[in-house]
Structure formats: structure tokens, C-alpha cells
There are 2 protein chains.
Amino acid sequence: MSAPVRLLLADDEHLIRGALAALLSLEDDLLVVAEAASGPEALAMARAHAPDVAVLDLQMPGADGVKVATSLRTELPGCRVLIVTGHGRPGHLKRALAAGVRGFVPKTVSAQRLAEIIRTVHAGNRYVDPELAADAISAGDSPLTAREAEVLELAADGAPVAEIAERAALSPGTVRNYLSSAVTKLGAENRHAAVRLARERGWV
Amino acid sequence: MSAPVRLLLADDEHLIRGALAALLSLEDDLLVVAEAASGPEALAMARAHAPDVAVLDLQMPGADGVKVATSLRTELPGCRVLIVTGHGRPGHLKRALAAGVRGFVPKTVSAQRLAEIIRTVHAGNRYVDPELAADAISAGDSPLTAREAEVLELAADGAPVAEIAERAALSPGTVRNYLSSAVTKLGAENRHAAVRLARERGWV
DNA sequence: CCCCGCGCATGACAAATGTCAGCACCGGGC
DNA sequence: GCCCGGTGCTGACATTTGTCATGCGCGGGG
């Protein structure tokens, strides 16, 4: 019998985090050593406790799960990262894998499954939810170039072109060109519908 | 010693629902008699099991917590409804209370608190998270008229004026007038920023 | 080496949008 | 009875946005 798997749990919803901690603690090969309610807190906890596996919510205040994973990758290479998410957007999965995340599961799985997946990840294997993986594959790669995506993101809150141009340090005309090409590529009616589509596919 | 409080749990995230069920079952005066993963399923379960308290997530597929609460109010008047939510928008709280909901709490509370609140609600009292209540009061009432809100909602997915006009059975000019007045009232830069603001305040 | 795609820009034009004024009808409150 | 606010429409105008052509420099792949 080997030592228990030491876990870090990070989720901004106390209810979920606490419940999860309680359930996972029922498994005798799992041990929750730290909890966090935000991205920065998760990083601090990870540094302090050096867990074997970090279970991170995708959406947290401060820094999202992928950002935390990126930092952990260099600071604690031995710590495997498992992302759990409510609404899995295809693009998030891709970015997460690029950040060295070892597992990616929706919150629709049961606690038993999660415990198994934690063991899988701890053993050095990867686990990606099959449905999310299928979505990601069928959604394909983002057709947007880096600048197009950047400009589209700045357009997300409904700002006028002039403001986007200023914030991106680009000419207003250039901004309109990028927006236009992004809208065309996404087959949207206008930039706002394009933002919505790109968000749905996780491309922004 | 009275009979235990019979609970219905509804949340689309299996992980949370299961964890919650396990934690609440630790309290010996609480009994989870049914679970559901969607709005319609929650209604069906409520009809079948007639719980004392229904704990509903605000955002569920099919029908949201407030819609379910509205239906339950007439079908099962004896069933108290408690809404839990991840991101509490001020307007949601108002609509929930109008639908006869007895409790409204964010998912940031601990399971112990939740158990207490369930008892409070079951006893016939109301409970609203103080922070959410403060937000709702400071956000105030929606300054939008019924039509303004309706048109703004149709504009939410970035549809052009012509499409909004058709879907609302209004003249395009009228649609633009309503949008303009909504944008002015909300102090937004354009309709899309207005949609975002109205969403944040829970006015749409 | 040459071509192509990307980044960045300008200019011009058409279309959509935002803003304003004005008019009509209805219903509720004083 | 009168006024006011909400609803609905038109027309006119300025501004913003969307689209397209065109140009230049750069870097990577064939």
C-alpha cells in the first residue's frame, strides 16, 4: 500500500469545494491537503503544500484554471493538474492541454468517477472526457489569426471601433478590417454575433 | 423529534448534486428523497415525491430555477423553494421572490450554512443572502419599459434591426427608437453594451 | 529565390445604426 | 376633463460599421 494521493482543491464555490473535499476524503487513498477559492490562492496553496494532483475549476476569480496550470507547470513540474468545468467549451480543452493539463472533465461526472480519474492522472496518464473531446474535434481549430482573435476579444463588451483601436494600438481602419475578416470567417452577421460564436466554440 | 425534512435536489452538475446529497444526508433531520438534472425533471420529481423543500439551481437546462418555482407554487403550494446560484444577478433575486421562492443563496456558502438555511425555510421563514440582497437594493429597479426590455432581449444575440423588428412584429424604426432609449437609460455606448449591462443587473 | 500569408495601413463606398423631432392612440391618475 | 407616460409609427440626419481594393514590409516554405 503506497502513500495517499495528496490533493489541492480549487473552486470559488465554497459549497462545491467543501462537498467535494468531503466526498473525496471518503476514499482512503485520497487526501485533501489544501483548498483555494481563487486562482492566486490556488497558486499560493500549491507552493505551500506541493500536492500530487491539483483539481482546478476552470472559472475562478483572479486567474482561471488554465492560467494556474501554466504557472504550476514550471513551478511544480511534479504536480499533475486536473481541470473540472461546468460548461466545457471546445477551445478551452485545447488550451488546457497546451498548458500541460493532464485531465479535463465536466462537472456532470459523479464523485466516484472523479476519484478514479484522479487516480488515473496521478498515475501519469491523461484523461479527457469523451464527449468534450468529440466536441473539440468536431469544432476544429480556430480559423482566426492571432490579431483577429485579439481584436474580437476587445470587441466583446460592445466597445466602438475607436476604443478597440486605442486599446489595441491599431488604426481604426485596421481594426475594421480584422473584424470584417473575422466575421466573414465565422459566417456571422456582424461582429457581435461573431463574438458570441467564437465564445461558444471557445476560440476567444 | 419530528419527521425529517424531505428534500428535492436539482442541479445539472452531477458532481455537485451528488456531493450535496451526501453532505446533507449527514444531517439526521434532512432526507434527500429525489434528485434532478434539469428543470422539467425537477418538476416531475417534485410531483412524484412531494418534497418539503426543493433546492434548485438557478441555471439548469430546460427551465431555470425561477420557472420551476413558479410552476411548483401552484402545483405544490406546501413545497418551499430554495434557490442556489453560482453568480447571483440582482434581478434574478427579485424575480425569484416574485415567484414565491423562500430562500436565495449563492454557492459560496458552506454545507453547514445551507443545512441551517434549509431548516429556516422549512420552518416557514425566508432567507436571502445579505450580500445578494444588498446588491439587489443598490441596483434598484429596471428603468426599462416592458417593450424596451423585450426589444433589448431580442437584440442580445447580435441580430440586426430588421430581424428584431420581424421577430417583435414592430416597425424597424420603432425598434431603433426603443433601442436608442434603452441605451440612453442605461448610459451605454451602444445596444450591445446595453445588453451586457442589463444582463449584469439581471434586467433581461 | 520567389510566393504566400500575415500584419498593418489608407481610402472609398454602401449599409446599418444612433439620434432627434414630431404625430397619433390609449389608459390611468389627479 | 386634462395631463402624462407608454406604445407605435414616420422621416431626416449624422455617425458608425461593414466591405472591398490596394499598398507595403516581413518571414517562412517550397
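Letters A, B, ... mirror the listed sequences (proteins, then strands); counts begin at 1.
- Residue pairs meeting the side-chain hydrogen bond (donor to acceptor under 3.5 Å, both in side chains) criterion with at least one member in residues 43-57 of chain A, sequence neighbours excluded, are A/Arg47-A/Glu75, A/Asp57-A/Lys107.
- Of the residues in residues 160-168 of chain A, those lying under 4.0 Å from DNA chain D by heavy-atom distance are A/Pro160, A/Val161.
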Pull out every protein N or O sitting under 3.5 Å from an N or O of nucleotides 24-30 of chain D, one pair per line with the distance.
none

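- Remark on the helix from C/dC1-D/dG30 to C/dC30-D/dG1: inter-end axis angle 30°, axes from five-pair C1' superpositions, rounded to 10°.
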Using residues 150-165 of chain A as the side-chain source, report each donor-acceptor pair under 3.5 Å to any protein atom, sequence neighbours left out, with the distance given to one decimal.
none

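- A/Arg102 places a side-chain N or O within 3.5 Å of a backbone atom of A/Gly124 that can act as its donor or acceptor partner.
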Polar atom pairs between nucleotides 20-23 of chain D and protein, under 3.5 Å, N or O only, would you list them?
residue, atom, partner, partner atom, Å
D/dC20, N4, A/Asn177, OD1, 2.9

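- The ring pair (Phe, Tyr, Trp, His ring centres under 6.0 Å) search around A/His192 returns B/His192, not counting sequence neighbours.
- Scored by the side chain to side chain contact (heavy atoms under 4.5 Å, CB included) test, B/Thr108 finds B/Pro106 as partners (sequence neighbours excluded).
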For this session: Check step by step if side-chain contact (heavy atoms from CB on, under 4.5 Å) holds for A/Val33 and A/Leu7.
Result: CA-CA 6 Å; A/Val33 295; A/Leu7 296 178; 5.8 Å; no
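- Residue pairs meeting the side-chain hydrogen bond (donor to acceptor under 3.5 Å, both in side chains) criterion with at least one partner in residues 12-25 of chain A, sequence neighbours excluded, are A/Arg17-A/Glu35.
- As judged by a 4.0 angstrom heavy-atom cut-off over every strand, A/Thr145 is placed among residues touching the sugar-phosphate backbone only.
- In the set C/dC8, D/dT7, C/dA12, C/dC8 carries the atom at the smallest distance from any side-chain atom of A/Thr174.
- The nucleotide whose nearest atom lies closest to any side-chain atom of B/Arg191 is, among C/dT17, D/dC9, C/dG7, C/dT17.
- Across D/dG8, D/dC9, C/dT17, the shortest atom-to-atom separation from the side chain of B/Ser171 is found for D/dC9.
- By the side chain to side chain contact (heavy atoms under 4.5 Å, CB included) test, B/Ala36 pairs with B/Ala10, B/Glu41, B/Ala42, B/Met45, sequence neighbours left out.
- For residues 172-185 of chain A, the side-chain hydrogen bond (donor to acceptor under 3.5 Å, both in side chains) pairs, not counting sequence neighbours, are A/Glu148-A/Ser181, A/Glu148-A/Lys185.
- Every residue two or more places apart in sequence or in another chain that forms a salt bridge (Lys or Arg N to Asp or Glu O under 4.0 Å) with B/Arg119 is listed here: B/Glu27, B/Asp29.
- For the pair B/Arg147 and D/dG8, the criterion of a side-chain N or O lying under 4.0 Å from OP1 or OP2 is met.
- Taking atom OH of B/Tyr178 as the reference point, atom C1' of C/dT17 lies 18 Å away to the nearest angstrom.
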